[in-house]
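Take a look at the structure below.
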Amino acid sequence: MAVNRKLKMGMVGGGPGAFIGEVHRKAARMDGQIELVAGAFDIDPKKSKATGKELYLDPKRVYGDYEEMIAAEAALPPGERIDFVAITTPNNWHFPIARDFLKAGFHVMCEKPMTLTSQQAKELQKLVKKSKLVFGLMHNYTGYPMVKLAKDMVTKNDVGKIRKVVVQYPQGWLATALEKTGQMQASWRTDPKQSGAGGCVGDIGTHAANLAEYITGLKITHICAELTSFVPGRLLDDDCNCLLKFDSGAKGVLHASQISHGEENNLAIWVHGEKASLEWHQEHPNYLYVRRPSKPEEVWKRGNDYVAAYSKAAARNTRLPSGHPEAFFEAFANNYANFAETVKCAIEGKKAEALALDFPGVDEGVRGMLFIETVVASSKSAKKWTALKK
Ligand code: NAD
């Protein structure tokens with residue numbers, strides 16, 4: 001049966017002072033396909049209620065915790081209950097919340113890293129595969145049109161066989177012991193019980209690894225890594241340096257850092273192939289640089305006809321004409337738009353088209369957890385080069 005209505009979204013996390021929950025709320029409603037109707041927004045039930053009030057939600061659908069939310073939403077008739085939940089809590093909560101919503105028959109959009117361990121990640125993968133439920137993972141950087149253009153250039157063999165990938169994600173906001181001031185985002189990110197085995201590597205290294213695998217279509221097979229906690233007393237890494245080997249024989253360098261003064265969100269990638277090199281920067285996301293031997297440098301600019309003519313994916317994930325910059329919110333919204341179309345198809349019993357299925361999911365979540373565990377193992381090992389287990 002056709003779904004002639006907006007999809008109904010619930011949220012766990014995103015209470016007062018939280019960062020990414022509000023980004024999800026804005027991005028999800030950008031295309032008018034999704035409405036937020038319910039939530040358990042905070043670890044503190046009173047704060048959850050306060051957020052629900054600020055968002056003008058029906059107080060009956062603002063819950064004290066996610067278990068109460070599952071029970072109450074599952075008791076509502078289909079079409080009235082939420083269609084999916086967005087999980088925007090710290091990492092330690094992703095697994096139990098995703099597992100329980102999946103078991104209750106809800107589709108899930110989850111923040112990264114997907115879980116605390118690869119074992120939990122594989123358990124979610126099994127649950128998703130045996131259900132007809134849709135699982136999205138918010139590796140938002142794959143949502144940028146120029147990233148999709150880069151992927152298409154690799155797929156169409158315009159880059160040639162890939163020789164080397166360089167990817168970086170430096171930040172500077174944890175260069176001092178911010179967690180000791182009680183700052184909310186710093187506190188849980190530096191606590192292994194809430195963050196997992198990786199600090200910087202889990203928080204932003206996973207974005208870099210995901211971006212490299214997404215654009216190139218290659219899989220990382222071996223890692224030689226060095227993790228460091230530069231800030232005295234910090235229990236998790238705040239700096240991560242890796243050499244990579246890919247399944248095609250390509251080589252890579254990945255570095256992520258949270259102690260690099262002055263760096264904001266300087267995620268950038270260079271893909272060097274036999275025919276051409278690509279370069280993309282998250283802080284200037286509307287441009288893709290292409291360099292070919294003995295030719296002037298090309299700057300491909302988002303929103304132009306020549307981009308649309310080359311890449312259906314870039315065109316589909318573009319909203320504004322060239323010169324009106326699109327960035328973080330739009331990339332998030334692209335993942336939501338593709339996820340929403342896929343959820344609608346699932347409800348209607350249809351398979352979504354390939355362009356709609358172009359958003360990260362549970363398989364990327366498993367890759368992310370294996371990446372973190374391999375980097376941690378390599379960093380501890382004297383032998384260094386460590387195989388990424390399947
Ligand atoms: P935050 O500390 O700003 O907010 C977390 C919120 O979750 C708070 O409101 C907290 O009260 C709530 N919460 C905690 N446990 C809960 C529970 N059991 N039930 C309901 N609410 C609960 O954290 P953040 O920076 O927004 O990060 C949240 C998640 O998003 C993390 O997994 C992080 O890795 C991810 N993240 C992703 C991106 C991205 O670009 N994709 C960016 C930032 C954060």
Side-chain angles (χ1 to χ4, degrees), residues 10-28 38-52 54-55 62-70 85-101 108-116 136-144 169 171 173-174 178-179 182-191 193-196 198-208 210-211 236 256 258 264-265 267 282-283 285 327-336 339 359-360 364-365 368-369 372:
M11 176 171 279
V12 184
F19 168 37
I20 214 67
E22 182 56 24
V23 176
H24 279 254
R25 293 194 284 262
K26 287 189 163 78
F41 296 104
D42 203 279
I43 190 79
D44 174 348
K46 279 200 206 101
K47 290 186 181 171
S48 174
K49 299 276 173 200
T51 296
E54 268 181 26
L55 296 169
V62 182
Y63 303 101
D65 63 51
Y66 78 90
E67 286 166 316
E68 187 196 330
M69 177 169 164
I70 293 175
V85 67
I87 303 171
T88 66
T89 61
N91 307 347
N92 58 313
W93 286 102
H94 297 174
F95 173 68
I97 296 173
R99 179 197 57 200
D100 292 359
F101 273 94
V108 172
M109 172 62 86
C110 186
E111 260 307 342
K112 45 49 61 180
M114 190 165 76
T115 51
L116 285 191
L137 186 75
M138 196 42 92
H139 274 305
N140 43 305
Y141 302 108
T142 62
Y144 286 85
Y169 199 154
Q171 299 178 330
W173 71 292
L174 288 176
L178 189 61
E179 61 271 33
Q183 205 265 10
M184 181 158 83
Q185 286 78 21
S187 300
W188 71 257
R189 276 178 173 80
T190 52
D191 171 8
K193 288 198 191 79
Q194 296 181 78
S195 196
C200 172
V201 60
D203 200 35
I204 53 176
T206 47
H207 276 312
N210 174 259
L211 187 68
L236 288 171
Q258 292 173 322
E264 294 171 330
N265 281 284
L267 171 65
Q282 193 271 151
E283 292 183 352
F328 196 71
F329 281 123
E330 285 87 352
F332 248 81
N334 289 338
N335 280 355
Y336 262 110
F339 171 80
F359 60 89
E364 286 77 5
M369 293 317 301
I372 295 169

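Worth saying up front: this structure is predicted, and the values here are computed from it rather than measured. Excluded from the calculations below are hydrogen atoms, water molecules and symmetry mates; all remaining heavy atoms, backbone and side chain alike, are included. Throughout, numbering of the chain's residues begins at 1 and tracks the sequence. Atoms within each ligand, like the ligands themselves, are counted from 1 in listed order.
Near G13, meaning under 4.0 Å from any of its heavy atoms, are these atoms of ligand 1: 7 (O), 12 (C), 20 (C), 21 (N). Short contacts between ligand 1 and F19, defined as distances under 4.0 Å to a heavy atom of the residue, involve ligand atoms 3 (O), 25 (O), 26 (O), 42 (C), 43 (C). Atoms of ligand 1 lying under 4.0 Å from any heavy atom of V12, numbered from 1 in the order shown and given with element: 19 (N), 20 (C). Taking a cut-off of under 4.0 Å to the non-hydrogen atoms of N140, the atoms of ligand 1 that pass are 39 (C), 40 (O), 41 (N). Atoms of ligand 1 found under 4.0 Å from any heavy atom of M138 (numbered from 1 in listed order, with element): 41 (N). The atoms of ligand 1 that sit less than 4.0 Å from any heavy atom of H207 are 39 (C), 40 (O), 41 (N). Ligand 1 places these atoms under 4.0 Å from at least one heavy atom of H94: 32 (O). Applying the 4.0 Å criterion to heavy atoms of G14 picks out, from ligand 1, the atoms 6 (C), 7 (O), 9 (O).
No donor-acceptor pair closer than 3.5 Å links the side chain of T190 to the backbone N or O of E179. T51 contributes no side-chain N or O that, together with a main-chain N or O of G15, makes up a donor-acceptor pair within less than 3.5 Å.
Nearest non-hydrogen protein atom to atom 29 (C) of ligand 1 is T89 O, 3.1 Å. Distance from atom 32 (O) of ligand 1 to its nearest protein heavy atom, with residue and atom name: N91 OD1, 2.7 Å. The nearest heavy-atom contact from the protein to atom 34 (O) of ligand 1 is K112 O, 2.9 Å. At the shortest separation from atom 13 (N) of ligand 1 among protein heavy atoms lies I43 N, 3.8 Å.
A salt bridge does not link D42 with K49: none of the charged nitrogens is closer than 4.0 Å to a carboxylate oxygen.
Within the structure, ligand 1 lacks H139 among the residues with a heavy atom less than 4.0 angstrom away.
Comparing R189, M11, E67, Q183 by heavy-atom distance to atom 44 (C) of ligand 1, the nearest is R189. Taking each of W93, F41, Y141, W188 in turn, the one with a heavy atom nearest to atom 23 (O) of ligand 1 proves to be W188. Distances from atom 7 (O) of ligand 1 to the heavy atoms of G15, A18, P90, S195 put P90 nearest. Closest to atom 21 (N) of ligand 1 by heavy atom, among D65, D44, D42, I20, is D42.
Looking only at side-chain heavy atoms (C-beta outward), T88 and M109 stay at 4.5 Å or farther from each other. Under the 4.5 Å side-chain criterion, counting only non-hydrogen atoms from C-beta, C110 is not in contact with M138.
Each of F328, F329, F339, Y336 was evaluated against H24; a single residue qualifies, Y336, per the ring pair (Phe, Tyr, Trp, His ring centres under 6.0 Å) test. Here the rule is side-chain contact (heavy atoms from CB on, under 4.5 Å) with F41, and of M11, K47, E54 only M11 fits it.
Once rounded to the nearest 0.5 Å, the distance linking CG of L116 with CG of N92 reads 6.0 Å.
The shortest non-hydrogen separation linking Y169 to A208 is CB-CB, 4.5 Å.
Side chain to side chain, E330 and Y144 fail the donor-acceptor criterion of an N or O pair below 3.5 Å. A side-chain N or O of Q258 and one of D203 form a donor-acceptor pair less than 3.5 Å apart.
Taking distance alone, with nitrogen or oxygen atoms compared against 3.5 Å, E111 approaches ligand 1 more closely than that limit.
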